[in-house]
Amino acid sequence: MAEAVQGGSPLISLPQRLDTSAAAGLKALLLEETGAAAGAVPLLDASAVDYVGGLCLQLLLASGLKVGPCSEKAAEAFALFGVQQQLLEAMDEKESRHDG
C-alpha cells in the first residue's frame, strides 16, 4: 500500500519475502497502486525486503517502476540477478544530482 511519499512520489511498500507464494499478491499490489497513483509515478519501497525470487523479480521489472528505499539484502539480490541498474536507476539519478 502506498503510505509514504519520497520526493513527491508515492511509495509502494513491498512485502518482506518476494518469493513464489507472494507473486500473485505482488502483482495485485502493483496493479492497484499504479492505478491509484493519479499521474504520479510511484517508487517501490524495498527497505523491508529480505528475499527476492525470480518470479517476483520479473513482476518488478515488468512494472517499469524504480526502487526508492532498498534493504541491503534486496540490493544484493538485484546485483546477483544483474538488474540493479534497471531497478535502482532512480536512486542513482537522485544521488548524482546531489553530488554534482
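Across all their heavy atoms, C70 and A75 have their closest contact at SG-N, 3.6 Å. P15 and V49 make their closest contact through O-CG2, 3.3 Å (heavy atoms, listed as atom of the first residue, atom of the second, distance).
Residue K66 holds its NZ atom at 11.5 Å from CG of L60, rounded to the nearest 0.5 Å. Atom CG of L26 and atom OG1 of T20 lie 11.5 Å apart (nearest 0.5 Å). Note that CG of L11 and CG of L65 are 11.0 Å apart. Values are rounded to the nearest 0.5 Å. Atoms CG and OG, from L30 and S63 in turn, are 5.0 Å apart once rounded to the nearest 0.5 Å. Distance CZ/F78 to CD/Q86: 11.0 Å, rounded to 0.5 Å.
The hydrophobic clustering, which links ILVMFWY residues whose side-chain heavy atoms are closer than 4.5 Å, places L88 and L61 together.
Contact annotation: the side chain of V52 never approaches that of L80 to less than 4.5 Å [non-hydrogen atoms, C-beta and beyond]. Counting only heavy atoms from C-beta outward, the side chains of L55 and L18 never approach each other to under 4.5 Å.
Applying the side-chain hydrogen bond (donor to acceptor under 3.5 Å, both in side chains) test to S21 and every residue at least two apart in sequence or in another chain returns D19.
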Less than 3.5 Å apart, which donor and acceptor atoms pair up between the side chains of residues 40-47 and the rest of the protein, not counting sequence neighbours?
residue: D45; atom: OD1; partner: S47; partner atom: N; Å: 3.0
residue: D45; atom: OD1; partner: S47; partner atom: OG; Å: 2.6

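A side chain to side chain donor-acceptor pair (under 3.5 Å) check over residues 49-61, counting only residues at least two apart or in different chains, returns the pairs Q16-D50. For residues 67-87, there are no salt bridge (Lys or Arg N to Asp or Glu O under 4.0 Å) pairs, not counting sequence neighbours.
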